[in-house]
Every structure is written in structure tokens, then in C-alpha cells.
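Written out below as C-alpha cells is the structure these notes cover.
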Amino acid sequence: MPELPEVETVRRGLAPYLTGARIAAVALNRADLRFAFPADLATALVGETVTGVGRRAKYLLIALSSGETVLSHLGMTGAYRFAFGGPAEPTRHHRVPGGHDHMVWSLVHPDHGAFDLIYSDTRRFGFIDLLSDPAENPYLAGLGPEPLSNAFDAPYLAARLAGRKAPIKTALLDQRIIAGLGNIYVCEVLYRAHILPTVPAGDLVAGDGRPKPPLEDLVAAIRAVLAEAIAAGGSTLRDFRAADGERGYFQHSFTVYDREGEPCLTPGCRGTIARIVQSGRSSFFCPVCQKSAE
DNA sequence: ACTTTGACCTGTGCGC
DNA sequence: TGCGCACAGGTCAAAG
């Protein structure tokens, strides 16, 4: 589910409790998620101390005192929650018999005491791996720049989009071009930048290879929308200890995503939000105030 | 080399 | 109420 802002929110919720905690035990309730758990996962974790919780794109990176790193991707329905003493409350995906709590870390933190960290994942599109060298990992090596970093700007994006005939919607979902955007935020940033999702990506680049004004707007929109979403997620962190982190995913209200048939919220625009399917994914947009590149 | 499609899973909500 | 179908925020392999 989680796109960059949601994963960042999870990271911020986990970091204060995991950093400095010692892993006393690890339970795996099945052999695989999307991929098999590494054979030595539990033994590699037990006895180690967490030295930090990072994020790259939509991946969580949990660093261990051994020097190894746990890579965790939440897929569509992955979620972490804590259980401090007593039986853990099931997640809302857990009402059906069987449940979806696939991995449980038992941790001891010098300040927070003993607690469990539970990973649940209904659809099991998530996965967990153990990396000795994150920089060399194929999952991470091919990722494009972080959209909130200095490495991401309009000239960069222009260079990557020049000549591409694929719709801008599809290009922005390509993690090799820009890391961390998913279907919701791509819809949102294109809406904010007033660009139709169907525009051929290369149309946003001028003949000399420089970004056209709409592409400058798009870069600004990407930064603004993500920053706002992270800020909104941060406001839910107060509850992270008791909740499952899932709440934050949807707390944020969207301006175009999933609003088919509703009025466009752009000031002065009288359009109605439409929905089309691109690359098998829903695109929501306003056919009035979102335009092709001039 | 490029893009699109199907596959992986389970759950929910809608129309009939 | 029940049933079937469409759909869901991600990614990868395979097919075009």
C-alpha cells in the first residue's frame, strides 16, 4: 500500500523503538511472503542490536550490529505494529481465521523495555531479505533518485524523459526514473501540476533537452505533495505505539485519487474527475484543468 | 530496447 | 442474503 510517504511514516514510528533494541527472538509463522524468507533470517537476527532504521524508496532498511541489514518491503498490505505486554491485538486484516501475522520480533530496549514487533501482510506482496551490503543489492541499485533529495530536479527528469513515448503516468511509476511514487501520488502530482496522465513523457521536454515549464511545475508538485503527505503522516505517529501504522496510510485525504465523478477541487475549475486505466492501473484526473504539454 | 500484460495473494464492495 | 465479479496503494517475469 505504502508509497514513499507511508513508508517514511512507518520508519519514523519504528526508529525510536527499534534503535538500540536487542533482538531476543524471532518467530516466522510461514516460510515465505512474496519470496521465501532467507534461510538464516532468524538466527542472523537473534542476539543482534538494531543500530538504525532507514528508508530507500519504498524499502525499509533495518541496520543490525552485525553489519547486516534487514530489507523490508511492505507490498500492498504490509504493516508493522507493536505489542507491549499482553496478547497482541489483531490488525484489522486479522479478523478472518488464520490471520496474517507472518513475522514477530521480540525486542528489549533499554528505555522501552520488552515488546514485540509484528509484521502482518494480508496479500503477501511484501518481502523481507537480509543484505550484507545494501549498496550492492539489486533491489536498491537500480532505483532512481529520492524525490526529496538534491539529486532530483527538473534537468534530471528532463534527461530521463526525453524521447519517451510512454505516458507520463507510466514513467513516474517507474522506480528506476524516480523512487517512491506509486499510483496514488502519481495521480496527485499530475493533478497538482495540471498535466494529463496520458501526455507522452517526452512531450514535457523541449527540443534542446531542457524541461518545459510544465515539467518544472511537475517537479515542484512532486516535492510539495510528498512533503505534505509525510507531514500528515507524522501527525499520526502519536498513536503508532498502540496502532498498527495502517491508520496513517489513509488518514491523508486525496484531492483527485478515488474521486471519480466528483467535482474538481482546483479553484475556479468546473470539471468533474474522470477515471481511465493505464498499464492496468486506475488514473484519476480532471479533463478540464489538466492539459497536454504545449 | 521498449511497453504492455499477466501473475502473485486476499479482502471488500458492488450489482444482480 | 448469496454469488460473482471488479477492484485494491507494488513489483516482476513473460510476452508483444
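When reading the values below, keep in mind they use all heavy atoms of this one structure, side chains included, and skip hydrogens, waters and symmetry mates. Since the structure is predicted, the reported quantities are computational estimates derived from the model, not experimental observations.
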[X] near the nucleic acid: base, sugar-phosphate alone, or nothing, with a heavy-atom cut-off under 4.0 Å?
X         : value
Tyr257(A) : sugar-phosphate
Arg176(A) : nothing
Arg164(A) : sugar-phosphate
Gly280(A) : nothing

Polar side chain donor-acceptor pair, [X] to [Y], under 3.5 angstrom:
X         : Y         : result
Thr77(A)  : Arg123(A) : no
Tyr191(A) : Thr266(A) : yes
Tyr185(A) : Glu6(A)   : yes

Length of the line joining [X]:[atom1] and [N]:[atom2], which is rounded to integer Å:
X         : N       : atom1 : atom2 : answer
Phe125(A) : dG10(C) : CZ    : C1'   : 8 Å
Leu33(A)  : dC9(B)  : CG    : P     : 11 Å
Asp174(A) : dC12(C) : CG    : P     : 11 Å
Arg30(A)  : dC8(B)  : CZ    : C1'   : 12 Å
Lys58(A)  : dT11(C) : NZ    : C1'   : 9 Å
Ile177(A) : dT11(C) : CD1   : P     : 14 Å
Lys169(A) : dT3(B)  : NZ    : P     : 15 Å
Met76(A)  : dT11(C) : CE    : C1'   : 10 Å

Q: Using Watson-Crick or G-U wobble geometry with both distances below 3.5 Å, tell me the partner of dA7(B), or none.
A: dT11(C)
Q) With no angle test and no hydrogens, is the base of dT11(C) tied to the side chain of Arg34(A) by a donor-acceptor pair under 3.5 Å? A)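 Per atom types, the contact qualifies.
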Q: Report yes if a donor N or O on one partner sits less than 3.5 Å from an acceptor N or O on the other, where the partners are the side chain of Arg123(A) and the base of dC9(B); otherwise report no.
A: yes
**Q.** Rounded distance [0.5 Å steps], CZ in Arg22(A) versus OG in Ser65(A)
**A.** 9.5 Å
Q. When rounded to the nearest Å, what value does the distance between P atoms of dC9(B) and dG4(C) take?
A. 22 Å
(Q) Rounding to an integer number of angstrom, what distance separates dT11(C) and dT12(B) when you compare their P atoms? (A)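 It comes out at 23 Å once rounded to the nearest Å.
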[X] side chain, from C-beta outward: closest of [options]:
X         : options                  : value
His73(A)  : dC8(B), dT11(C), dC12(C) : dT11(C)
Thr170(A) : dT4(B), dC12(C), dT11(C) : dT4(B)
His100(A) : dT4(B), dT11(C), dG11(B) : dG11(B)
Ser279(A) : dC9(B), dT5(B), dT10(B)  : dT5(B)

Q: Report yes if a side-chain nitrogen or oxygen of Arg281(A) is closer than 4.0 Å to either non-bridging phosphate oxygen (OP1 or OP2) of dT4(B); otherwise report no.
A: no
Q. Does a side-chain N or O from Gln175(A) land closer than 4.0 Å to OP1 or OP2 of dT11(C), or not?
A.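 Yes, such a contact exists.
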Q. Where do Arg81(A) and Asp101(A) land on the salt bridge (charged side-chain N to carboxylate O under 4.0 Å, His left out) test, with the steps shown first?
A. CA-CA 10 Å; Arg81(A) 72 182 193 278; Asp101(A) 293 344; 3.0 Å; yes
(Q) Is there a salt bridge (charged side-chain N to carboxylate O under 4.0 Å, His left out) between Arg56(A) and Glu146(A)? Walk through the geometry before answering. (A) CA-CA 7 Å; Arg56(A) 174 76 169 101; Glu146(A) 287 288 317; 3.0 Å; yes
